[in-house]
Structures are given as C-alpha cells and as structure tokens.
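Source: prediction; values computed, not measured. Order of the sequence lines fixes the chain letters, A, B, ..., with proteins taken first and strands second; residue numbering starts at 1 for each chain.
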Protein chains: 2
Amino acid sequence: MVVTKSLASRVKPARMQPKAAAEASEDLPPNLGELADLLGYSLKRAQLRVFEDFLRVMTPLQLTPAQFSVLLLIEKNPGRNQTEVASTLGIQRPNFVTMLDSLESRGLCVRLRSASDRRSHVLMLTDKGRATLMRAKKLVAAKHEARLSELLGESNRVVLVQMLAKIAREL
Amino acid sequence: MVVTKSLASRVKPARMQPKAAAEASEDLPPNLGELADLLGYSLKRAQLRVFEDFLRVMTPLQLTPAQFSVLLLIEKNPGRNQTEVASTLGIQRPNFVTMLDSLESRGLCVRLRSASDRRSHVLMLTDKGRATLMRAKKLVAAKHEARLSELLGESNRVVLVQMLAKIAREL
DNA sequence: TATTGTTATACTCTATAACTATA
DNA sequence: TATAGTTATAGAGTATAACAATA
C-alpha cells in the first residue's frame, strides 16, 4: 500500500516499509502485539466466545445466559422478591421487569403478591420452569461446560473459575 | 453491583452449601448456588469489573478499552486499512466508522487514501496519537495490570491470560 | 418519608441491508 | 461482478428519573 505524498506529509511517517521487505505482514492478519497480554482483552474475547457457545447449546430451550441465571437463582432461593434477585445478579430493577415479563409469559416462573409486604412480588418457579431448568442444566453440563473442561482440563477449568470469581469479588 | 467488597475479600468461599438456603437466610443475600461454578457467569462478572477498573484508570485520557485496542493495533500495524483493523478486533465495519470518526476528530489517528487502491483508507497514528497511546500504556501497566498482578500474583495473571486466549482461539 | 414494582426514556453496542466509488 | 467505506436503521443491554401502591 502506497500513500499519496500530499496527504502523508501531514503525519510523521512511521518508517517507510520497503515493498518487498514488507515480508509477512503485508498479506497476513495484523499482529495483536501488546493486546495479547492485556487481561481485559482476552477476558472480553473469551466471554463473547463462551456466551456464543452457551447460546448454541441452549438453542432447543431458547434461554439466554441471563435468563438461565435468573431461573437458577429463583430455584435456589424461592420466595425472594424482584429487588433481591435482580441486585444479586447486578441487574437494574427496571430492566428486570422486562426479563420477568418474558419468563412469566412463557410459564417458567410466577410473581406472587407477598402477604407480609404487599408492595413486593415473591418469585417462584412453576413446574414447567423447574422442568425446563433441569433440562437446561443437563445441556449446559453435558455440552457446554464439558467442552470447556475438555479444552482446558477439568482442574484448570476450576482454577480459572476461581481466579475469575476472585477478580469479580476483590478487584 | 451490590457485592460487599471488604467482607467478601476476607472470606474464602465455602464449597459446601447448606441444603435448604431459603429457610436459614431470610435476611441474608440470596445464595448463588450452581451459578458460582458456571464459567460463563464468573467470566462475565470479572469482565465487567476489569473494564470498570480500566475506565477508572483511564479517566485522565478518556479512552475506552475498545479505543485503546484500536490505537494499539494501528501503532503495531501502521498502513492497514479499516476492514483489516476492524475485523481483527471483531468490530463490524459500519460500527468501526463511528469509532474512527471519534479518534480522528480528537486528532489521535488519520485515514489516508491509499494510492494503490483508492477505495481503501490506510490508518496511521498522529504524533498526538502516539504520545497519548504511550501515556495510556504507562497508566494501564502501572495502575491497572499491576493491580491485577497484585491480586492474583504475576504468574497466575499470565496463566489466566493464556487460558482465556485459548478459549477465545479454540472453543 | 422510604421502598417495591413499574413506566418512560436515553445512551451505548452490536448487527444487517444498501448505497458510492472504486476495482 | 466484487470490495472498501459509508449511511441508515434496528435490536439488545444498560442506566436514571419519576410515579402509584404500600410500608
């Protein structure tokens, strides 16, 4: 690639690359350089890849990672209200309303008026929600986490999760 | 995020969970349960935390992680066109236009018409771009990556990056 | 007065189709 | 015909203010 002189003169030339000596870099993909050592960069790329694989595996059940986490949390903590579940997952309460609308309209969970505090909605899984979640867990374990375990080795996978949890907790 | 930091940092997460979480913890935060073992979950939470820290450290230079990665890639691979840089970073070409508009309007980089193919724009850093990037690198190394290294230990930090890169590459 | 769920809204990211100018 | 950069646009995800019902 040659640069027109009048335009190029506006910037300091970063060492003219000899056309023939441009060797590998002319037709090969760009070099990541220091980007490859940046934790945030590999973290983001890995997260996108993992979510992509999660969605692929979960296609038959049509559950996003966020929806799956909501169902898991309600199952483990039945009777909690929207504020509690949302804040545990780092979801803003207004945004959680739409998420719940979706899950409830699919018959996976219900909002029940609390008798002790009539402002709050107690969250519970339906039978269908429990059944769907059980199928989802099996899919995730058998096709998603298993694939990661195969790629990294199970002990490394566990170490990885613990390091990530530590970052989320303590950074 | 409603994660209590000071307390959580002192407590090693117990792998054993009480059988019925609902009864015992009416006033405690909900139990994450199986969520804590899901790689995708800790991956996402860690990624948000790391980007948050990056933005905090980068406040004086007003560079997002994405903008920083673009500047790094242009510095390392001067003379590449928009399509090459964007696709290397996993950015859609239409979205890259706005990003470049922003960086170019701040005088950090320039688009030059290629003489060999007048359709494409060759990307280069300006002097200001190089200076800003150098300051940014120093901030990231001294305040951001150093903090992660302190948290995990440098050798663990390197291992973590390599595992994440492997996921991004091979999953 | 404070809190729960909700509505409205806005801003960022991301994804796709289609246009233009070049090849 | 195909490609590079661009425009327009639409869909997620996320953040904040404010309101009604309830405490």
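The distance from atom CG of A/Asp101 to atom P of D/dA12 is 15 Å, rounded to the nearest whole Å. Atom P of nucleotide D/dT9 and atom CD of B/Gln92 are separated by 19 Å, given to the nearest angstrom. Following rounding to the nearest Å, A/Glu84 (CD) and C/dG5 (P) show an atom-to-atom distance of 8 Å. Rounding to whole angstrom units, CZ of residue A/Arg80 and P of C/dG5 are separated by 13 Å. For the pair A/Asn95 CG and C/dT9 C1', the interatomic distance rounds to 11 Å; values are reported in whole Å. Atoms CZ (A/Arg45) and C1' (C/dC13) sit 15 Å apart, rounded to a whole Å. One can place CZ of A/Arg93 at 19 Å from P of D/dG13, the figure rounded to the nearest angstrom. For the pair A/Asn81 CG and D/dT22 P, the interatomic distance rounds to 16 Å; values are reported in whole Å.
At a cut-off of 3.5 Å, with distance as the only test, a side-chain donor of A/Arg111 or A/Gln82 sits close to an acceptor on the other residue.
Residue A/Glu154 qualifies as enclosed at atom CD: its count of foreign heavy atoms under 6.0 Å is above 12. In this structure, A/Arg147 places its CZ atom where more than 12 heavy-atom neighbours from other residues, nucleotides or ligands lie under 6.0 Å away.
Side chain of B/Glu84 to main chain of B/Asn81: a donor-acceptor pair is present (N/O by atom type, distance under 3.5 Å, no hydrogens or angles).
Side-chain contact check for A/Ser42 versus A/Asp37: every heavy-atom pair is 4.5 Å or farther apart.
DNA chain C is contacted by both A/Leu48 and A/Gln82; A/Gln82 maps to the nucleotide lying nearer its 5′ end (nearest heavy atom per residue). With DNA chain D read from its 5' end, the first of the two nearest nucleotides for A/Ile91 and A/Ala115 is the one closest to A/Ile91.
Comparing D/dA15, D/dA23, C/dT7 against the side chain of A/Arg119 picks out D/dA23 as the nearest. Distance from the side chain of A/His121 is smallest to C/dG5 among D/dT6, C/dG5, D/dA15. Of the candidate nucleotides C/dG5, D/dA4, C/dT14, C/dT14 has the atom nearest to the side chain of A/Lys44.
Remark: the A/Arg118 side chain and the D/dT22 base include no donor-acceptor N/O pair separated by less than 3.5 Å. At a cut-off of 3.5 angstrom, counting only N and O atoms as typed in the model, there is no donor on one side facing an acceptor on the other between the side-chain of B/Asp117 and the base of D/dA4.
Between A/Thr83 and C/dG5, a side-chain N or O to OP1/OP2 separation shorter than 4.0 Å is present.
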